[in-house]
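Report on the following structure.
The sequence lines fix the lettering, A, B, ..., with proteins before strands; numbering per chain opens at 1.
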Amino acid sequence: MPELPEVETIARGLQRQIAGDVIESVWIGSKPEPLKSSAREIARTLEGAQIIAVRRVGKHLVFDLRRQPGNLSQPVRRSTKKAARMANAAKKEISGARGTLGRRTETAQWIVHLGMTGSMLIALPETAIPPHTHAIATLRSGRELRFVDPRRFGRLQVRHGDGFAATGREPLDVGMEIFAALFRGRNTPIKSALLNQKLLAGIGNIYADESLFRAGIRPRRRAASLTRAELLRLYEAVQQVLNEAIAAGGSSVSDYVNAEGEAGLFQFELRVYGREAEPCAVCGAPVRRIVIAGRSSHWCAQCQK
DNA sequence: ACTATTTCCTGGATGC
DNA sequence: TGCATCCAGGAAATAG
């Protein structure tokens, strides 16, 4: 399931391959459509837009777009000096790192949440369209961007402007003091707190379990009961696990593949997730599985207190 | 204001 | 073999 490292891997692949490309047309199929914006609004926003950048925010993929309002995809006319000047200004903006916003371009964002089983694939049009393909964006380069999601928990959305923000802190950017403050006074199990996207954005079931194992903290411990030393261990464990997982291209435990359709490798490094009854890699005690907030939680009773 | 539970969805695993 | 049932889980909705 795509969590922070998986979404980061996909975003990097997309950024490398399709940044600068232009979306020429959009097809949205299947009903009910997995959308937060209407199909019409998504098509209207994406068609003719240039992809300036692709990045990750929490578990969301964010496509930063730039478009010429009221001037879909046809080239800018240069019949007058004024038009030429404006075209140059627009060009400068597109090639420049972050120019001032001109009158002739506007920014928009395509926000994609992959849910449990979603993938965003770069494909050539001649390759077979896999089952459960819910949206296809055709690019000027001739390639296609395909949103595939068997379990349909993913969501597509467009926004005007460039202000999409995560609901919670980025685990890899947050400082220790703010991290510790997130859990202060919370009576919920630390496992639930780690999954709460309004606190930290991007951690899901796999990396919550792995982080707690590395930090030596039982998943049922009340968040507020963690000592400063434990919070520090958790802080470091979260960053370590996420960074290692990103370096390994994510964990492919179910359907996850990156933008090129390749699996990750971090599933082989998981120490407790999905290892119920197997011996703990550190002490040999059997890994346990309990349910917290309706989610499987894997842990070692010897190593975690 | 918080916390806990239910719901959505479908392929794969399990059970009889 | 076949059919029914269960399970996985992110996040929004609902309940307490």
Separation of atom [atom1] in [X] from atom [atom2] in [N], rounded to whole Å:
X        : N      : atom1 : atom2 : value
A/Phe153 : B/dT10 : CZ    : P     : 9 Å
A/Arg151 : C/dG9  : CZ    : C1'   : 8 Å
A/Arg184 : B/dC2  : CZ    : P     : 14 Å
A/His113 : C/dG10 : NE2   : C1'   : 6 Å
A/Asp255 : B/dA13 : CG    : P     : 12 Å
A/Ile206 : C/dG9  : CD1   : C1'   : 10 Å
A/Asp149 : B/dC9  : CG    : C1'   : 9 Å
A/Tyr207 : C/dG9  : OH    : P     : 14 Å

At less than 3.5 Å, do the side-chain atoms of A/Arg295 and the base atoms of C/dA8 form a donor-acceptor pair?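 Per atom types, no contact qualifies.
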Taking OP1 and OP2 of [N], is either one under 4.0 Å from a side-chain nitrogen or oxygen of [X]?
X        : N     : result
A/Arg186 : B/dC2 : no
A/Asn187 : B/dT3 : no
A/Ser296 : C/dA8 : yes
A/Thr188 : B/dA4 : yes
A/Lys198 : B/dC2 : no
A/Tyr256 : C/dG9 : no

Output the single nucleotide from B/dT5, C/dG9, B/dT10 whose closest atom is nearest the side chain of A/Ala293.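 Given the options B/dT5, C/dG9, B/dT10, the side chain of A/Ala293 is closest to B/dT5.
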Could you tell me whether A/Glu269 and A/Arg275 have a side-chain N and a carboxylate O separated by less than 4.0 Å?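 Salt bridge absent between A/Glu269 and A/Arg275.
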By nearest heavy atom, map A/Pro189 and A/His132 onto DNA chain B; which one lands nearer the 5' end?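 Residue closer to the 5' terminus by nearest nucleotide: A/Pro189.
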Just checking A/Met1: base, sugar-phosphate only, or nothing, at a heavy-atom cut-off of under 4.0 Å?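 Result for A/Met1 = sugar-phosphate.
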Roughly how far apart are A/Ile190 CD1 and A/Ser225 OG, rounded to 0.5 Å? 8.0 Å
Taken in chain and number order and not counting sequence neighbours, the residues that satisfy ring pair (Phe, Tyr, Trp, His ring centres under 6.0 Å) with A/Tyr273 are A/His298
Any side-chain heavy-atom pair of A/His134 and A/Arg152 under 4.5 Å: yes
Hey, mind stepping through A/Trp110 and A/Leu65 against side-chain contact (heavy atoms from CB on, under 4.5 Å) and telling me if it holds? CA-CA 7 Å; A/Trp110 183 20; A/Leu65 307 174; 4.2 Å; yes
